[in-house]
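Everything below concerns the one structure shown next.
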Amino acid sequence: MGIVEILGIATSASLLAGWRLYLVILATGIAMRSGVVPLPEHLSGLGVLANPWIMGLAAVGALAEFLADKVMWIDSLWDGVHTFVRPLGGALVALAIVDPGDPVLQVTAFLLGGGGALLAHGGKASARAVVNTSPEPVSNVAVSSAEDVATLGLIWLAYEYPVASAVVALIVLGACLWLLLLARRVLKRLFWRVPEVPPPAA
């Protein structure tokens with residue numbers, strides 16, 4: 001794979017880690033073990049994700065996240081706890097994917113990975129906060145399930161078709177920006193009120 005494909009995969013994986021960190025780690029480990037993502041020397045740092053113990057821990061985390069994300073307000077609590085975990089995880093995943101012999105590329109991947117994961121996490125957490133204002137639980141489960149399917153589909157697309165990984169990154173980035181703007185607009189309507197001005201005294 002060339003530098004564009006490697007950076008595309010790193011960016012896509014880190015952005016998706018902002019949504020589903022443990023699922024991305026598990027999917028990456030499976031991809032490594034199945035040969036979808038090659039493991040030449042410059043990707044040797046990523047080999048740890050294919051370790052059975054790491055994959056087992058990621059599977060437990062993915063299951064816990066899957067369940068927590070379906071319950072109203074517990075999902076927001078889970079997101080709050082992972083505000084620092086997901087960006088760091090996304091940065092480390094991106095760092096492990098790039099060539100360790102190129103310090104400039106490593107720093108670039110680390111910064112873009114952490115920033116992308118933070119942006120994706122912010123978009124997800126904001127959208128879920130808006131969804132939680134609805135009293136019925138159906139929308140919460142539907143949105144969470146859509147995130148699960150989207151994460152699996154996009155991470156598969158990025159690994160299976162490295163050239164398309166840049167498109168995946170742009171899709172996720174655009175979705176996160178849209179979610180942030182939508183959440184801002186909805187929350188502004190819910191909580192911002194124009195103070196009523198009393199009529200002038202006669």
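Considering only residues two or more places apart in sequence or on other chains, Asp69 meets the salt bridge (charged side-chain N to carboxylate O under 4.0 Å, His left out) condition with Arg20, Lys124, Arg128. Applying the ring-ring contact (aromatic ring centres under 6.0 Å, His included) test to Phe110 and every residue at least two apart in sequence or in another chain returns nothing.
In this structure, Leu63 shares a hydrophobic cluster with Phe66, Leu67, the cluster being traced through Ile, Leu, Val, Met, Phe, Trp and Tyr side chains under 4.5 angstrom apart.
Contact detail for Ile155 and Ala27: the closest heavy-atom pair is CG2-CB, 4.0 Å. Of all heavy-atom pairs between Ala13 and Val93, the closest is CB-CG1, 3.8 Å. Closest approach of Ala150 to Trp19, counting heavy atoms only: CB-CZ3, 4.2 Å. Of all non-hydrogen atoms in Ala117 and Pro87, the two that sit nearest each other are CB-CA, 3.6 Å. Residues Glu65 and Tyr22 approach most closely at OE1-CD1, 3.9 Å, considering heavy atoms. In terms of heavy-atom proximity, Ala158 sits nearest to Ser12 at CB-CB, 3.9 Å.
Connection of Ile54 to Leu21 is established within a shared hydrophobic cluster, with ILVMFWY side chains joined at heavy-atom distances below 4.5 Å, either directly or through further cluster members. Linking Ile, Leu, Val, Met, Phe, Trp and Tyr whenever their side-chain heavy atoms come within less than 4.5 Å puts Leu16 and Leu157 in one cluster.
The closest side-chain heavy-atom distance from Ile30 to Trp156 is not below 4.5 Å. A 4.5 Å side-chain heavy-atom check between Val60 and Met55 finds every atom pair outside the cut-off. Side-chain contact between Leu177 and Leu119 is present, with heavy atoms from C-beta onward closer than 4.5 Å.
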Task: Test side-chain contact (heavy atoms from CB on, under 4.5 Å) applied to Gln106 and Leu111, step by step - done: CA-CA 9 Å; Gln106 278 197 309; Leu111 294 176; over 6 Å; no
Open item on the list: For Val149 and Ser145: C-alpha separation, side-chain torsions, deciding distance, then whether side-chain contact (heavy atoms from CB on, under 4.5 Å) applies.
Closed with: CA-CA 6 Å; Val149 173; Ser145 300; 5.6 Å; no
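With His82 contributing its side chain and Trp78 its backbone, the two residues share a donor-acceptor pair below 3.5 Å. With Thr83 contributing its side chain and Asp79 its backbone, the two residues share a donor-acceptor pair below 3.5 Å. Looking at Ser14, its side chain does come within 3.5 Å of a backbone N or O of Thr11 through a donor-acceptor pair.
Taking CG of Asp75 as the reference point, atom CD of Glu147 lies at 8.5 Å (rounded to 0.5 Å). Remark: Leu26 CG to Leu57 CG distance equals 11.0 Å, nearest 0.5 Å.
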